[in-house]
Novice: 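What follows is a single structure, and I will ask about it in a moment.
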There are 2 protein chains.
Amino acid sequence: MPDETLPQPARDEIELVTVLRALGDPVRLRLLAVYADDQEHNCDQCDLGLEDLHKSTVSHHMRVLRESGVTTTRTSGRNRFVRLRRADLDARFPGLLDSVLGAAER
Amino acid sequence: MPDETLPQPARDEIELVTVLRALGDPVRLRLLAVYADDQEHNCDQCDLGLEDLHKSTVSHHMRVLRESGVTTTRTSGRNRFVRLRRADLDARFPGLLDSVLGAAER
DNA sequence: TTGATCGTTTGATGTTCGTCAAACAGTGGG
DNA sequence: CCCACTGTTTGACGAACATCAAACGATCAA
(Lines give C-alpha, C1' and ligand atoms only; values in the text may rest on other atoms or scores of the structure.)
Protein backbone atom coordinates (compact mmCIF):
# COMPACT_ATOMS: atom_id res chain seq x y z
CA MET A 1 0.00 0.00 0.00
CA PRO A 2 1.56 3.31 -1.09
CA ASP A 3 2.19 6.17 1.28
CA GLU A 4 -0.38 8.88 1.35
CA THR A 5 -0.58 12.45 2.61
CA LEU A 6 -3.58 13.22 4.78
CA PRO A 7 -5.89 16.11 3.81
CA GLN A 8 -4.45 19.52 4.58
CA PRO A 9 -4.89 23.09 3.31
CA ALA A 10 -2.79 24.23 0.37
CA ARG A 11 -0.16 26.84 1.14
CA ASP A 12 -2.34 29.71 -0.03
CA GLU A 13 -5.26 28.46 1.99
CA ILE A 14 -3.45 28.63 5.32
CA GLU A 15 -5.09 31.34 7.38
CA LEU A 16 -3.37 33.42 10.01
CA VAL A 17 -6.25 33.35 12.46
CA THR A 18 -6.54 29.60 12.20
CA VAL A 19 -2.82 29.10 12.78
CA LEU A 20 -2.78 31.41 15.79
CA ARG A 21 -5.78 29.67 17.26
CA ALA A 22 -4.17 26.29 16.66
CA LEU A 23 -1.02 27.41 18.46
CA GLY A 24 -2.97 29.03 21.29
CA ASP A 25 -3.17 25.81 23.28
CA PRO A 26 -0.56 24.46 25.69
CA VAL A 27 -0.67 20.90 24.38
CA ARG A 28 -0.32 21.92 20.76
CA LEU A 29 2.49 24.28 21.67
CA ARG A 30 4.28 21.35 23.27
CA LEU A 31 3.78 19.38 20.09
CA LEU A 32 5.16 22.26 18.07
CA ALA A 33 8.31 22.28 20.19
CA VAL A 34 8.75 18.59 19.45
CA TYR A 35 8.30 19.16 15.74
CA ALA A 36 10.76 22.05 15.75
CA ASP A 37 13.60 19.77 14.67
CA ASP A 38 12.03 19.40 11.22
CA GLN A 39 12.14 15.65 11.50
CA GLU A 40 9.26 13.29 11.09
CA HIS A 41 7.57 12.11 14.26
CA ASN A 42 5.11 9.36 14.86
CA CYS A 43 2.21 9.65 17.28
CA ASP A 44 3.68 7.80 20.23
CA GLN A 45 2.96 9.76 23.37
CA CYS A 46 6.13 8.53 25.00
CA ASP A 47 8.19 10.20 22.32
CA LEU A 48 6.05 13.30 22.47
CA GLY A 49 6.13 13.74 26.23
CA LEU A 50 2.35 13.58 26.47
CA GLU A 51 1.90 10.48 28.57
CA ASP A 52 -0.61 12.32 30.70
CA LEU A 53 -3.09 12.59 27.85
CA HIS A 54 -5.35 9.98 26.32
CA LYS A 55 -4.26 8.88 22.88
CA SER A 56 -7.49 10.08 21.31
CA THR A 57 -6.85 13.52 22.76
CA VAL A 58 -3.41 13.60 21.20
CA SER A 59 -4.93 12.48 17.92
CA HIS A 60 -7.39 15.35 18.13
CA HIS A 61 -4.65 17.92 18.66
CA MET A 62 -2.60 16.57 15.81
CA ARG A 63 -5.61 16.86 13.56
CA VAL A 64 -6.08 20.50 14.55
CA LEU A 65 -2.45 21.21 13.71
CA ARG A 66 -2.73 19.48 10.37
CA GLU A 67 -6.02 21.10 9.36
CA SER A 68 -4.72 24.53 10.27
CA GLY A 69 -1.73 24.02 8.00
CA VAL A 70 0.96 23.84 10.67
CA THR A 71 1.90 20.21 10.04
CA THR A 72 1.71 17.61 7.35
CA THR A 73 1.07 13.93 7.94
CA ARG A 74 2.31 11.05 5.85
CA THR A 75 0.83 7.60 6.11
CA SER A 76 3.07 4.58 5.95
CA GLY A 77 1.66 1.25 6.92
CA ARG A 78 0.01 1.59 10.27
CA ASN A 79 2.27 4.48 11.24
CA ARG A 80 1.78 8.15 10.61
CA PHE A 81 4.63 10.58 10.38
CA VAL A 82 4.08 14.21 11.22
CA ARG A 83 6.34 17.02 10.16
CA LEU A 84 6.32 20.82 10.34
CA ARG A 85 5.32 22.69 7.19
CA ARG A 86 8.12 25.15 7.72
CA ALA A 87 8.58 26.20 4.11
CA ASP A 88 4.88 26.86 3.63
CA LEU A 89 4.56 28.77 6.88
CA ASP A 90 7.67 30.82 6.23
CA ALA A 91 6.44 31.69 2.77
CA ARG A 92 3.01 32.73 3.94
CA PHE A 93 3.82 34.30 7.31
CA PRO A 94 7.51 35.28 7.26
CA GLY A 95 9.14 35.16 10.66
CA LEU A 96 6.09 33.90 12.48
CA LEU A 97 7.17 30.34 13.03
CA ASP A 98 10.68 31.26 14.13
CA SER A 99 9.44 33.77 16.64
CA VAL A 100 6.91 31.36 18.09
CA LEU A 101 9.46 28.58 18.32
CA GLY A 102 11.98 30.89 19.90
CA ALA A 103 9.48 32.05 22.44
CA ALA A 104 8.22 28.55 23.13
CA GLU A 105 11.68 27.24 23.96
CA ARG A 106 12.18 30.02 26.49
CA MET B 1 -9.47 62.55 38.78
CA PRO B 2 -6.00 61.41 37.76
CA ASP B 3 -5.38 59.09 34.86
CA GLU B 4 -5.02 55.45 35.71
CA THR B 5 -3.76 52.32 34.00
CA LEU B 6 -6.12 49.38 34.03
CA PRO B 7 -4.93 46.05 35.45
CA GLN B 8 -2.62 44.15 33.13
CA PRO B 9 0.11 41.52 33.42
CA ALA B 10 3.65 42.67 34.03
CA ARG B 11 6.08 42.12 31.20
CA ASP B 12 7.46 38.93 32.69
CA GLU B 13 3.99 37.57 33.30
CA ILE B 14 2.93 37.73 29.66
CA GLU B 15 2.47 34.16 28.44
CA LEU B 16 2.95 32.98 24.89
CA VAL B 17 -0.05 30.67 24.87
CA THR B 18 -2.28 33.41 26.19
CA VAL B 19 -1.09 35.89 23.58
CA LEU B 20 -1.54 33.42 20.74
CA ARG B 21 -4.99 32.55 21.93
CA ALA B 22 -5.86 36.23 22.23
CA LEU B 23 -4.75 36.84 18.66
CA GLY B 24 -6.49 33.72 17.36
CA ASP B 25 -9.76 35.54 16.79
CA PRO B 26 -10.77 37.56 13.72
CA VAL B 27 -12.17 40.48 15.66
CA ARG B 28 -9.13 40.84 17.88
CA LEU B 29 -6.87 40.55 14.87
CA ARG B 30 -8.75 43.45 13.32
CA LEU B 31 -8.22 45.42 16.50
CA LEU B 32 -4.54 44.59 16.42
CA ALA B 33 -4.26 45.97 12.90
CA VAL B 34 -5.83 49.20 14.11
CA TYR B 35 -3.40 49.43 17.02
CA ALA B 36 -0.43 48.75 14.77
CA ASP B 37 0.25 52.47 14.37
CA ASP B 38 1.39 52.65 18.02
CA GLN B 39 -1.02 55.46 18.69
CA GLU B 40 -3.62 55.59 21.41
CA HIS B 41 -7.14 54.67 20.36
CA ASN B 42 -10.41 55.07 22.16
CA CYS B 43 -13.15 52.47 22.05
CA ASP B 44 -15.37 54.05 19.43
CA GLN B 45 -16.51 51.34 17.05
CA CYS B 46 -16.65 53.79 14.16
CA ASP B 47 -12.95 54.45 14.48
CA LEU B 48 -12.25 50.78 14.90
CA GLY B 49 -14.28 49.55 11.95
CA LEU B 50 -16.41 47.33 14.15
CA GLU B 51 -19.82 48.86 13.65
CA ASP B 52 -21.28 45.42 13.14
CA LEU B 53 -20.57 44.41 16.73
CA HIS B 54 -22.33 45.36 19.93
CA LYS B 55 -20.33 47.71 22.12
CA SER B 56 -20.22 45.22 24.95
CA THR B 57 -18.71 42.69 22.58
CA VAL B 58 -16.00 45.13 21.62
CA SER B 59 -15.39 45.82 25.29
CA HIS B 60 -15.00 42.10 25.90
CA HIS B 61 -12.41 41.72 23.15
CA MET B 62 -10.44 44.71 24.39
CA ARG B 63 -10.39 43.19 27.82
CA VAL B 64 -9.00 39.94 26.45
CA LEU B 65 -6.26 41.82 24.65
CA ARG B 66 -5.38 43.79 27.76
CA GLU B 67 -5.42 40.82 30.13
CA SER B 68 -3.26 38.81 27.77
CA GLY B 69 -0.67 41.58 27.74
CA VAL B 70 -1.09 42.68 24.14
CA THR B 71 -2.43 46.15 24.93
CA THR B 72 -2.43 48.66 27.74
CA THR B 73 -5.35 50.90 28.62
CA ARG B 74 -5.18 54.33 30.15
CA THR B 75 -8.18 55.97 31.74
CA SER B 76 -8.82 59.67 31.24
CA GLY B 77 -12.14 61.05 32.26
CA ARG B 78 -14.82 58.97 30.64
CA ASN B 79 -12.53 57.93 27.82
CA ARG B 80 -10.15 55.01 27.67
CA PHE B 81 -7.13 54.97 25.46
CA VAL B 82 -5.72 51.71 24.25
CA ARG B 83 -2.23 51.23 22.94
CA LEU B 84 -0.06 48.31 21.84
CA ARG B 85 2.54 47.09 24.35
CA ARG B 86 5.08 46.81 21.59
CA ALA B 87 8.20 47.20 23.73
CA ASP B 88 7.06 44.57 26.22
CA LEU B 89 6.04 42.13 23.51
CA ASP B 90 9.24 42.64 21.54
CA ALA B 91 11.29 42.07 24.67
CA ARG B 92 9.47 38.93 25.66
CA PHE B 93 8.75 37.38 22.24
CA PRO B 94 11.22 38.91 19.77
CA GLY B 95 9.83 39.15 16.26
CA LEU B 96 6.43 37.78 17.10
CA LEU B 97 4.45 40.98 16.92
CA ASP B 98 6.09 42.14 13.71
CA SER B 99 5.44 38.86 11.96
CA VAL B 100 1.82 38.78 13.05
CA LEU B 101 1.26 42.37 12.01
CA GLY B 102 2.96 41.77 8.68
CA ALA B 103 0.82 38.73 8.04
CA ALA B 104 -2.35 40.45 9.16
CA GLU B 105 -1.96 43.35 6.76
CA ARG B 106 -1.68 41.17 3.72
C1' DT C 1 -6.17 -16.55 10.04
C1' DT C 2 -5.53 -14.88 14.39
C1' DG C 3 -3.92 -11.52 17.26
C1' DA C 4 -1.37 -7.47 18.44
C1' DT C 5 -0.27 -2.73 17.16
C1' DC C 6 -1.06 2.11 15.83
C1' DG C 7 -3.98 5.53 15.46
C1' DT C 8 -8.72 7.44 14.29
C1' DT C 9 -13.60 8.16 14.98
C1' DT C 10 -17.65 8.63 17.56
C1' DG C 11 -20.28 9.80 21.54
C1' DA C 12 -20.66 11.91 25.95
C1' DT C 13 -19.52 15.47 29.36
C1' DG C 14 -18.11 19.67 31.26
C1' DT C 15 -15.85 23.99 30.10
C1' DT C 16 -14.77 27.97 27.62
C1' DC C 17 -15.94 31.34 24.23
C1' DG C 18 -18.42 34.93 21.35
C1' DT C 19 -22.40 37.46 21.15
C1' DC C 20 -26.27 40.35 22.45
C1' DA C 21 -29.25 42.91 25.59
C1' DA C 22 -30.02 45.37 29.56
C1' DA C 23 -28.50 47.41 33.58
C1' DC C 24 -24.89 49.84 35.69
C1' DA C 25 -21.05 53.35 36.79
C1' DG C 26 -18.16 57.26 36.28
C1' DT C 27 -17.53 61.67 33.95
C1' DG C 28 -18.36 66.18 32.34
C1' DG C 29 -21.44 69.67 30.19
C1' DG C 30 -25.73 72.44 30.45
C1' DC D 1 -28.46 69.06 39.68
C1' DC D 2 -29.70 66.58 35.84
C1' DC D 3 -28.65 64.55 31.66
C1' DA D 4 -25.94 62.86 27.92
C1' DC D 5 -21.89 60.26 26.98
C1' DT D 6 -18.45 56.47 27.21
C1' DG D 7 -17.60 52.21 28.30
C1' DT D 8 -18.09 48.12 31.65
C1' DT D 9 -20.48 44.40 33.87
C1' DT D 10 -23.81 40.89 34.28
C1' DG D 11 -26.77 37.36 32.61
C1' DA D 12 -28.30 34.42 29.10
C1' DC D 13 -27.68 31.45 25.18
C1' DG D 14 -25.73 28.68 21.56
C1' DA D 15 -21.45 27.23 19.44
C1' DA D 16 -16.98 25.52 19.82
C1' DC D 17 -13.57 23.10 22.44
C1' DA D 18 -10.74 19.70 25.44
C1' DT D 19 -11.03 15.47 27.37
C1' DC D 20 -11.93 10.61 28.08
C1' DA D 21 -13.78 6.03 26.98
C1' DA D 22 -15.01 2.70 23.90
C1' DA D 23 -15.47 0.98 19.44
C1' DC D 24 -13.50 0.75 15.05
C1' DG D 25 -10.14 0.19 10.93
C1' DA D 26 -6.06 -0.84 8.81
C1' DT D 27 -1.63 -3.11 8.93
C1' DC D 28 1.81 -6.42 10.00
C1' DA D 29 3.71 -10.53 12.25
C1' DA D 30 3.37 -15.21 13.79
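Here is how names work: the chains are called A, B, and so on, in the same order as the sequence lines, proteins then strands, and each is numbered from 1.
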Novice: Between A:Phe81 (CZ) and C:dC6 (P), how many Å, whole number?
Specialist: 11 Å
Novice: Ring centroids only, cut at 6.0 angstrom: are A:His41 and A:Tyr35 within range, meaning strictly under it?
Specialist: yes
Novice: Under 3.5 Å, is there a donor-acceptor pair between the side chain of A:Arg21 and the main chain of B:Gly24?
Specialist: yes
Novice: Encode nucleotides 16-23 of chain C as B, S and - characters from 5' to 3', where the letter depends on protein heavy atoms closer than 4.0 Å: B to the base, S only to sugar-phosphate, - to neither.
Specialist: -SSBBBB-
Novice: Could you check which residues of residues 35-43 of chain A get a heavy atom under 4.0 Å from DNA chain D? Sort them by number, please.
Specialist: none
Novice: What is the distance, rounded to the nearest whole Å, between atom CZ of B:Arg66 and atom C1' of D:dT8?
Specialist: 10 Å
Novice: To the nearest 0.5 Å, tell me how far B:Thr18 OG1 sits from B:Glu67 CD.
Specialist: 10.5 Å
Novice: Per the side-chain hydrogen bond (donor to acceptor under 3.5 Å, both in side chains) rule, which among A:Thr72, A:Asp88, A:Thr71 passes with A:Gln8?
Specialist: A:Thr72
Novice: Roughly, in whole Å, what's the span from CG in B:Leu20 to C1' in D:dC17?
Specialist: 17 Å
Novice: For the pair A:Thr57 (side chain) and A:Leu53 (backbone), establish whether a donor and an acceptor sit closer than 3.5 Å, ignoring hydrogens and angles.
Specialist: no
Novice: Quick check on C:dC6: is either OP1 or OP2 less than 4.0 Å from any side-chain nitrogen or oxygen of A:Arg80?
Specialist: no
Novice: Expressed in angstrom and rounded to an integer, what is the separation of B:Leu6 atom CG from D:dT8 atom C1'?
Specialist: 10 Å
Novice: Could you give all pairs that pass the ring-ring contact (aromatic ring centres under 6.0 Å, His included) test and reach residues 45-75 of chain B, with sequence neighbours left out?
Specialist: none
Novice: Please confirm whether any donor atom in the side chain of B:Arg78 sits under 3.5 Å from an acceptor in the base of C:dT27, or the reverse.
Specialist: yes
Novice: Round to a whole Å and report the spacing from CG of B:Leu31 to P of D:dG7.
Specialist: 13 Å
Novice: Could you state the CG-P distance from B:Leu65 to D:dT8, rounded to the nearest angstrom?
Specialist: 12 Å
Novice: For the CG atom of B:Leu50 and the CG atom of B:Asp52, what is their distance to the nearest 0.5 Å?
Specialist: 6.5 Å
Novice: Please check: side-chain N/O of B:Arg66 versus main-chain N/O of B:Pro7, any donor-acceptor pairing under 3.5 Å?
Specialist: yes
Novice: Are any non-hydrogen side-chain atoms of A:Thr75 and A:Thr5 less than 4.5 angstrom apart?
Specialist: no
Novice: Nearest to the side chain of A:Asn79, which nucleotide is it out of C:dC6, D:dG7, C:dT9?
Specialist: C:dC6
